[in-house]
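Some notes on the structure that comes next.
Lettering of chains follows the sequences in order, A, B, ..., and the numbering in each one begins at 1. Quick caveat: nothing in here was measured; it's all calculated off a predicted structure. Below, all heavy atoms of this structure are taken into account, side chains as well, without hydrogens, waters or symmetry copies.
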Number of protein chains: 2
Amino acid sequence: MLTPERHQIILRLLKEKNVVKIQEIMELTDTSESTIRRDLSQLEDQKFLKRIHGGASRLQGKLQEPSMVEKSSKNLQEKRMIAQYAASLVEAGDCIYLDAGSTVIEMIGYLPLKEIVVVTNGLMHIAPLLNKGISTYLIGGLAKPNTNAFIGRGALASLDLYRFDKCFMGVNGIHPQFGFTTPDQEEALVKQKAISLSREAFVLADNTKFAEISFAKISEIHEASIITNELEDETEKQYVNRTTIKVVTA
Amino acid sequence: MLTPERHQIILRLLKEKNVVKIQEIMELTDTSESTIRRDLSQLEDQKFLKRIHGGASRLQGKLQEPSMVEKSSKNLQEKRMIAQYAASLVEAGDCIYLDAGSTVIEMIGYLPLKEIVVVTNGLMHIAPLLNKGISTYLIGGLAKPNTNAFIGRGALASLDLYRFDKCFMGVNGIHPQFGFTTPDQEEALVKQKAISLSREAFVLADNTKFAEISFAKISEIHEASIITNELEDETEKQYVNRTTIKVVTA
DNA sequence: TGGTTTTTGAAAGAAAGTGATTGATTTCTG
DNA sequence: CAGAAATCAATCACTTTCTTTCAAAAACCA
């Protein structure tokens, strides 16, 4: 695993949890303690986090925001392009599943108004969906702090009540060996189950995501499509050669 | 448990209660007295709190939170009194159900922080519960516009996964013949089911509510209590003669 | 391919965190 | 006010985590 990949994972974890233990990162990245320590030192030098005894903590204050805001706004337009295309796939009468996550949430604004039913595990999706007058179901389960997603046994059991025409999944990374990845195993289980209940699965991923726990081997998704923006080289294309890939351009 | 996590917990406790005992923190964090003492010393050095005999107290000054900003509504204060009393019934280790609704939501601020699990069907409850660091489960189901409650088949099925020590229900009205009432049948079904899964049921009702579809005949609730503020006459008391009634006064 | 640089994992001693104990101090109670 | 109970600071032994160092493995480059 490449160094910047690990760094991404660490920062993502921190964003969700405020505090991460070294032990935790070791397990997730399958690397040694030494390596993680070096990573944390580097990230601390770059002012991305603060090292603490036993791990690292997010540094709160002004220094954090500019980089994050900058990044999100830079990616936002690309996310919207992807989201808009994904939304165009939804047809009248469809029952669709929307995964929690920032890319998927952008779909809501572009969804057609006609007679669709949406099921989701994303808390933040509810308000905009209801605003559009769309029939909205939330699956139950344990509320996961900071990500506002629902996971766990309750979530899985609730999912069993539904069948979907299409599901749209967010993703943290795409890895040639592990498939689609996310840093939280519980979340991975929910994604996995939703996919299994859906006739077609679509994965929304901007091209920064091609670089954590896998929730589905690419080959396991039968009718999967990855919707992304421009890929920079052929190396990335090899990751997705077993699925349809739709590249959205400006 | 990492040091900053404990510090977070301590500060959160202080934010709620102004004063916190060492004993209390020990139980909540499952650490020794020595450790908590050290934590308190550090936090005092950082000017986050003031140590006092037996624990710590919030230092009053600039950093005060605007906790009682919204005293405006007369009804709100009565709701809060009722909610505060109801919250005081919750004990460490309890698994409780919180009904959607404006009176019940006021309970959240008064809930004890120790090791409780909350299950709810109220969308608006999630954020404040997570803010307090409480383990929070949402039942699934159809999102009902405007009330932000979850109802329907999915909600009922999700409920089946849980058992509650106590449940706290909002109510629209109390009627001598029909019992507790609510205008939406679907919501009534959810309330009914939650009550049936709970060892004890509490109904929160300010006295304006005494006069729609019943979700439970009063006699059907075995261990029910109504928590209300002052009742104005005996007529109203007759409504509740088959249950415990707790009248909260200022 | 062969040499250089970078990355990695392991090990040893240093540092920090933890829990128990002691005896002093404070608070409670009759 | 006096004895009991609770709380406190200081210390010690123990555990975990940290830093430093070094050699092996991997990646890089000509």
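Listed nucleotides C/dT7, D/dC18, D/dA9 differ in distance to A/Glu33; the shortest reach to its side chain belongs to D/dC18. Considering only the side chain of A/Thr35, C/dT8 comes nearest among D/dC18, C/dT8, C/dA20. Among the nucleotides C/dA20, C/dA11, D/dA9, the one closest to the side chain of B/Arg51 is D/dA9.
The distance from atom CD1 of A/Ile22 to atom P of C/dA10 is 15 Å, rounded to the nearest whole Å. Atom CG of B/Leu2 is separated from atom P of D/dT16 by 14 Å (rounded to the nearest Å). Rounded to an integer number of Å, the gap from CD of B/Glu5 to P of C/dG17 is 15 Å. Rounded to a whole Å, the CZ atom of A/Arg37 is 14 Å from the P atom of D/dT16. The distance from atom CD1 of B/Ile25 to atom C1' of C/dG19 is 17 Å, rounded to the nearest whole Å. If you take NE2 of B/His7 and P of C/dG17, they are 9 Å apart, rounded to a whole angstrom. The CD-P distance, from B/Gln23 to D/dT7, rounds to 7 Å in whole Å. At whole-Å resolution of the value, CE in B/Met26 and P in C/dT18 are 14 Å apart.
Every stem involving DNA chain D, taken as at least 3 paired positions in a row under the Watson-Crick or G-U wobble test at 3.5 Å, is listed here: C:1-30 with D:1-30.
Taking the six-membered ring for Trp and the full ring otherwise, the centers of B/Tyr162 and B/Tyr97 sit at least 6.0 Å from each other.
Judged by distance alone, with hydrogens and angles left aside, B/Arg6 brings no side-chain donor or acceptor close enough to the base of C/dG17 to form a pair under 3.5 Å. Side-chain atoms of B/Arg38 and base atoms of C/dG19 include a donor and an acceptor less than 3.5 Å apart. For a distance-only test at 3.5 Å, the side chain of B/Ser32 fails to qualify as a donor-acceptor partner of the base of C/dA20.
Side-chain atoms of B/Arg58 come within 3.5 Å of backbone atoms of B/Lys15 as a donor-acceptor pair (strictly under, hydrogens ignored). Side-chain atoms of A/Asn121 come within 3.5 Å of backbone atoms of A/Ala100 as a donor-acceptor pair (strictly under, hydrogens ignored). Judged by distance alone, with hydrogens and angles left aside, the side-chain atoms of A/Asp99 form a donor-acceptor pair with the main-chain N or O of A/Gly170 at under 3.5 Å.
Legend: residues meeting side-chain hydrogen bond (donor to acceptor under 3.5 Å, both in side chains) with A/Lys193, ordered by chain and number and at least two apart, are A/Asp160.
In terms of heavy-atom proximity, B/Gly93 sits nearest to B/Asp165 at O-OD2, 4.0 Å. Contact record, A/Ala56 with A/Leu40: CB-CD2, 4.0 Å, taken as the closest heavy-atom pair. Minimum heavy-atom separation, A/Val190 to A/Gly152: CG2-N, 4.4 Å.
Contacts of A/Ile52 with the nucleic acid, taken as non-hydrogen atoms under 4.0 Å apart, involve only primed sugar atoms and P, OP1 or OP2.
With respect to the salt-bridge test (charged N to carboxylate O, under 4.0 angstrom), the residues B/Glu5 and A/Lys21 qualify. Using a 4.0 Å cut-off between charged nitrogen and carboxylate oxygen, A/Lys144 and A/Glu187 count as a salt-bridge pair.
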Under-3.5 Å N/O pairs linking protein and nucleotides 13-16 of chain C:
none

